[in-house]
Amino acid sequence: MYIFHTSWVPDNPGYFDNSGRFIFWAETESKSKDKTPANTHAGTVFQKKQLQQFFIDEFPLKTTLVSVLNPQPSHFYIALPSQDDIPLPSPEMALITGEMIPEEFDWQSWKIFGLSLEKPLLFLREIRFLALHKTDQFRLGSDMQFWIDYARSFGEIVRRHQYIPSLRCYLEAPAKKTTQPKLKISTGWEPVATTYEQLIADFSSIMPLACVAVQEQMGDKENTDSPSLLDREQLLRHFSEQMLEMLIQNVDFTKKLQNQFDDNFFGRLINASQKWPCITSEQWRQWRSWKQGLLGQEKQNGFNLGIRLQQAEPSSPDAWLLRFFVESRQDPSLKLSLTDYWHPDCDKSAYKHFLDHDFEKNLLLGLGQAARICPLLWDGLESNRPVGLTLNMEAAFAFLKNDAGVLEDAGFKISLPSWWTPKGRRRAQIRTKASVHSTPGQEKSDGQFNLTSILQYDYQLSIGEQVVTEDEWELLVNAKSPLIHFRGEWMEIDKEQMESLLALWKKQQSADETVTLTDMLRQAAEADEQTQIYSFDDTLSEMLSRLRDNQRLQLLDTPQALNGDLREYQKRGLSWLVYLESLGLHPCLADDMGLGKTIQVIARLVQERAQSTESLAPTLLIAPTSVLGNWQKEIERFAGQLATVLHHGATRTQTPAQFKQDIAGKDVVITSFSLVRRDASLFNPIDWHRVVIDEAQNIKNPQSAQAKAIFRLNAKHRLAMTGTPIENRLMDMWSIFHFLNPGYLGTATQFKKTYETPIQRDSDTLRSTQLKKLITPFILRRLKTDKSIIKDLPDKIEQKVYCNLTQEQASLYQAVVDDIQVELAQAEGIQRKGLMLSTLMKLKQICNHPAQFLQDGSDFSTLRSHKLARVSEMVEEAITEGDSLLIFTQFTEIGAALEKHLRENYHYPVYYLHGGTARKRRELMIEQFQDEDAPASIFVLSLKAGGVGITLTRANHVFHFDRWWNPAVENQATDRAFRIGQTKTVFAHKMVALGTLEERIDQMLEEKQKLSESIIGNDESWLTELDNDAFRALIQLNKNTILEA
Amino acid sequence: MARKITRTWWGERFLDALQQRIDPGRLSRGRAYAGPNRMLDFCIEGKEIKAKIRGNINAYFGVHKEPKYKISIKLKTISQEKWKAIIKEIAGNAAWLSRLIMNEMPDNIQQAFAKHGVDLLPGNHAGDLITDCSCPDWSNPCKHIAGTYYKVASMLDRDPFLIFELRGMDKATLHQVLADSPLGKALLAQITQPDAIPMEYAQHRYTQPCYQNYQDITLKQFWHMPAPPLPETSASSPLVSAALIRKQGDYPPFWDLDHSFVEVMEEVYERISVKNKAIL
């Protein structure tokens, strides 16, 4: 794993041409086997070949691009925080290695080898796209991220031509001491004006200091307390100025354009090869004065000059007024029209902070500048007290269309009538009214929309909110003037657009269209808001508002047949599921982890079966292997009357005929993703009543055999569940929708072209809004932070997560159980208690992971323990959502193994606190974990160590990997993440291995909670009070619950 | 395109006005004599224009050594009374004032003069110009005088008040009348104390970053980058080409060519943007 960095290194400070280099370098996890050159940062890649390899392997950039960038080996120096003569890793690298960053460090100068790149802006642009996709090979350092972000914003400056040709004077040192230094003036370009200055200010304040720690030469050898860093603003300017010139140097200008410069010295800007006359100091002064005039309006005055356009009355359409005014820079709400200013009675006291000595001079200059940009303004200046001028309609229109924008861009304040602004503008549009079409002969419906309803469209021409007849429309189209006073307001007539809309409308009128609901949803979402508006009849309006706001749904109550209570929001979830399916739409339930998707789906299954008069075909439930046991257990718990079949394991049914028999009369068939693919021949022939996919992100790759197998299933209803935020992986969404509502999002290629690429690569906000509109009706996603949810949630929610044992675990478990049978019968007193406790300990370890029990250094893999697999999945979900979490375990081996596993396989920030952790380090870990600016992290700790005085309130989730069978102790642990009076809910997930003592003790604890707590005390010794029979029953293994990996 | 001696139409207008009474053919012969090759000396003393021009050897006229001819031109003056009225006229027009303040001659300034029965530019009436040249050519104007006319024309481009002074405007009168109106005062302030531009010498082409000593830097400060400001989406605001440079108008003083500076720069900017589309 590499961390990539880029540094901008200023060179040649002693020369006039003080250029810089843009250097790419890579931090590496493993130290190189070759000997590191002296003073070099050993944690970086310094071999040229390896560095160049990144461009081909990691990025990968097209070869033409790579040759343009021309990576050349280069080196520079950087001051880094170090300790014991070793530089500290960047935080991104420390995340990977799990290294703890010490509190104390000093500063040392280090040599870094890298590659210099010739076109930094181009590189940063290309790399931006790649940075969006997380990879397992590299991450970007914050310095590189900074340059990427800056380059993007700087591009705007160039795009908007916010730069000017410039001249720089310098004195060239004379050849002989006796002669005078020679004045030289060179041409160039420089970025200027408010936008650029604001950009510099904004970005230099957020620049990480690592960017300015660069040095051209080796710094002080001795360790120092404070480094010499470059000034951030200056570095940023240095970079920007050079980048601008670099961009322009590479432009080839046509001969024709070059000739336009004749022999004016600025011609050198676009043709460096020709000889140009020397520039005189007089010319420099002229240029300088010109530059000052350009920017002067921005710096010196306390006011901005503005122009207001007042609309004409319809009775005198050629009387549009332009009025000059001035606006205070300090307080833009303070405006003064020139009409008032010239008036002898004007009270100028309120404005005196900008009506200073130079006011009239600056006013004169400003008016002249404005008139130069917009020559029609000269007419308004033909008096010694200019106030403005009158325009006829054509001139007013030209002003609105062209001059206003130019003037505004040049820094003048322009005030236009509201109907011209984007918000106030009335647009010519086609209104499409969708309504429910009742077929003749159909019984009078109750106005409800249902599956059989067909929609029809009714098209109307409209302007703004109002419907317009065809005649009126044609009248407008044929009007001579570009502005029309129509129904009380002025508006612009875009003749061409209106003609094409008219043609479109005529076409739509003649076509005979019947539309389905999904068609309508899609068309409405994809419509160009400017020209097409959709409206709906009452029935459809009601339906859409229910879809949009699930609060409006008719709230169903907890189904009677459900053995449990639904929370308010869960009832709403159920109602939403029912409603959507009644419309023939297939839903995706995407609630946050812990909010109870499982119970809502179970409630739906219960409810539909209770309601249905006929018997329904089974529902196929597909879930990851690690959750299969949990589903079975939960269905058993909440809906014991539903008959379930678990299709898994070596002994499962293999023939279609047998399979059909096995599932006949059953309600739910549960299987895993891989088996749907492998046993496709069994699943395909069945007409399922419903297919439910849990953790739907498992079919995110539509090309995978697994996904394809699922697409092929037949089912009347389809339902997807997922907890991961969909917004981050749009292509995943396509796949899920392909399962739920095929065709709705078009083909995969169309989707990529229309949505994925524009949104992810070009940050196209229009497209992302459209996509959101498209998918919103089908997805219900509530976050635990939603205000409407919070009031339904208690402060703490406890959840049992059931997992099965693997075969390996089962064998080990059984062996232990068998082993003690004889001893247990014989032992007595203290010895007996000791035996029981040690057995419990062993069994616990097995339920965790075979490697812990065996202590043989074997692989801590998720394949060997479903508990580990499930915890890993849930951790991944939480972290992806930005939630921090705690994991409690009794065992130091598990703690250490978990830390390693999560860090190495997922690269999450993990902190592991145990008895042996030094106090200082412990405090540092807690501080870092609690830091709101730090990314979502994991804190692994033991119940004992997590005891006194630790606050880890940043965590939203608490996992109990293994249980301490004493509720008081466990709750205390959970409370580490809980603080009285906080607004968030903490979710406690307790892992329980099915069919083992964990399950049974858990049950016992549930029952005992109803009795007094004094029976249990504050440790686990209460378990040793059981008699032998009870104990045997407790530890017995239920072979039915074993699940293969 | 051919490079003219004069830059904007003020120079042209001056020459045009002269051609009311002067043969254009004769005038154009002077063109060659306005350049540094021929014009050895040129100065303006008060209301008189003086020049020294290198002439040709001409055996026919008995000129055997390369001669240096002395030229003197005086323009007919406008009376102080009239000037007072004319300046008052000018001071009452913000459009004219705003051009003058930028050292530009307003196009239609002749209106202020016409109102009081005079022409700003000489040439219409006999006696408008009194010229003298020490060369033996009796034609009027001779090449040398014509050359001097061209030189004067080129100077008019840059200093509108020059022609006013040559036609006898008194600085005191100018100050007095301008001081009377608020905007006039502004112009007065500008011409009496023009913003002096001191020379600026740069050590480096680009802003040179300097080292500073920072104290007590935390690791967070060193590595952490807070969220950057959101970039403006390109779709949002319309683009105006060469927006900045338009403000100072066309024909900045350092642009000594006849065609539009703004138009040329517009093309330059467009080209730069197009060629760098991949990055922007």
Side-chain angles (χ1 to χ4, degrees), chain A residues 10 16-18 91 121-122 125 142 146 149 152-153 155 158-159 161 168-171 202 206 208-210 226 228-231 234-235 237-238 241-242 247-248 251 257 260 262 264 283 285-290 293-294 360-361 364 367-369 372-373 378 381-382 384 386 405-406 409-410, chain B residues 3 91-95 97-98 101-102 181-183 186 189-190 197 200-202 204-215 217 219 221-226 228-229 231-233 238 240 242-249 252-254 257 264 267-269 271-273 275-276 279-280:
Chain A
F16 176 70
D17 273 308
N18 57 338
L121 291 181
L122 183 58
R125 175 73 164 83
S142 56
F146 173 83
D149 289 333
R152 183 180 186 181
S153 294
V158 181
R159 210 181 63 87
H161 303 172
R168 293 174 190 97
C169 294
Y170 62 103
L171 296 168
D202 289 339
I206 64 169
L209 291 177
S226 56
S228 293
L229 305 176
L230 294 169
D231 180 86
Q234 290 170 353
L235 184 75
R237 287 183 191 273
H238 182 253
E241 292 159 21
Q242 223 190 307
L247 278 184
I248 300 176
V251 177
L257 188 54
Q260 297 267 41
D262 211 347
N264 180 284
Q283 286 167 325
R285 281 204 179 84
Q286 288 167 347
W287 169 81
R288 186 70 182 84
S289 155
W290 174 81
L294 267 184
E360 269 131 15
K361 171 171 146 196
L364 201 57
L367 288 170
Q369 282 183 341
R372 275 180 187 84
I373 294 175
W378 286 121
L381 298 181
E382 302 261 327
N384 67 348
V406 183
D409 229 48
Chain B
R3 172 65 159 301
N93 186 320
L97 290 172
S98 71
I101 203 171
M102 302 254 306
S181 81
L183 291 182
Q190 178 64 12
I197 310 274
E200 289 165 18
Y201 298 102
H204 300 102
R205 184 186 288 283
Y206 310 110
T207 308
Q208 175 64 21
C210 299
Y211 281 106
Q212 312 215 1
N213 251 338
Y214 287 69
Q215 298 291 339
I217 304 176
L219 285 176
Q221 276 174 309
F222 193 75
W223 288 113
H224 180 65
M225 179 177 83
E232 226 184 85
T233 42
V240 176
L244 268 181
I245 64 170
R246 285 175 191 274
K247 278 166 108 174
Q248 285 295 92
F254 54 79
L257 303 173
V264 174
E267 241 192 276
V268 172
Y269 280 117
R271 189 110 180 125
I272 294 171
S273 286
K275 283 288 165 172
N276 284 298
I279 306 175
L280 302 176

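Order of the sequence lines sets the chain letters (A, B, ...), proteins ahead of strands, with each chain counted from 1.
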Just verifying a value: how many Å separate [X] [atom1] and [Y] [atom2], rounded to the nearest 0.5 Å?
X: B:I272; Y: A:I248; atom1: CD1; atom2: CD1; value: 4.0 Å
X: A:E241; Y: B:H204; atom1: CD; atom2: NE2; value: 12.0 Å
X: A:L235; Y: B:Q208; atom1: CG; atom2: CD; value: 10.0 Å
X: B:L183; Y: A:L367; atom1: CG; atom2: CG; value: 8.0 Å

Can you check whether [X] reaches [Y] side chain to side chain, under 4.5 Å on heavy atoms?
X: B:P252; Y: A:W287; value: no
X: B:P228; Y: A:I206; value: yes
X: B:C210; Y: A:D231; value: no
X: B:I279; Y: A:L247; value: yes

Going by ring pair (Phe, Tyr, Trp, His ring centres under 6.0 Å), name the residues that satisfy it together with B:Y206, two or more places apart in sequence or in a different chain.
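Ring pair (Phe, Tyr, Trp, His ring centres under 6.0 Å) list for B:Y206, sorted by chain: empty.
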Among residues at least two apart in sequence or on other chains, which ones pass ring pair (Phe, Tyr, Trp, His ring centres under 6.0 Å) with A:Y170?
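Only A:F16 meet the ring pair (Phe, Tyr, Trp, His ring centres under 6.0 Å) criterion with A:Y170.
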Using a cut-off of under 4.5 Å on heavy-atom pairs, state which of [options] scores highest against chain B.
options: A:L121, A:D149, A:L229; result: A:L229
options: A:L209, A:V251, A:L171; result: A:L209
options: A:L122, A:L364, A:V158; result: A:L364

Smallest separation among heavy atoms of [X] and [Y], with atom names:
X: A:R237; Y: B:T207; value: CB-OG1, 3.7 Å
X: A:N384; Y: B:A91; value: CB-O, 3.3 Å
X: A:H161; Y: B:S273; value: NE2-OG, 3.3 Å
X: A:R168; Y: B:R205; value: NE-O, 2.9 Å
X: A:Q260; Y: B:E267; value: NE2-OE1, 4.1 Å
X: B:S98; Y: A:R372; value: O-NH2, 4.0 Å

Counting only heavy atoms closer than 4.5 Å, note whether B:N276 contacts chain A via side chain, backbone, both or neither.
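For B:N276, the side chain is the part near chain A, not the backbone.
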Judged by atom type as modelled, is there a donor-acceptor pair below 3.5 Å linking the side chain of A:S142 to the main-chain atoms of B:W223?
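Such a contact is found between A:S142 side chain and B:W223 backbone.
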Over 60° means perpendicular and under 30° means parallel, so tell me whether B:F254 and A:W290 are parallel, tilted or perpendicular.
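Answer is perpendicular, since the angle exceeds 60°.
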Measure distances from A:N18 to the heavy atoms of chain B and classify the residue's part below 4.5 Å as side chain, backbone, both or neither.
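The answer is both parts of A:N18.
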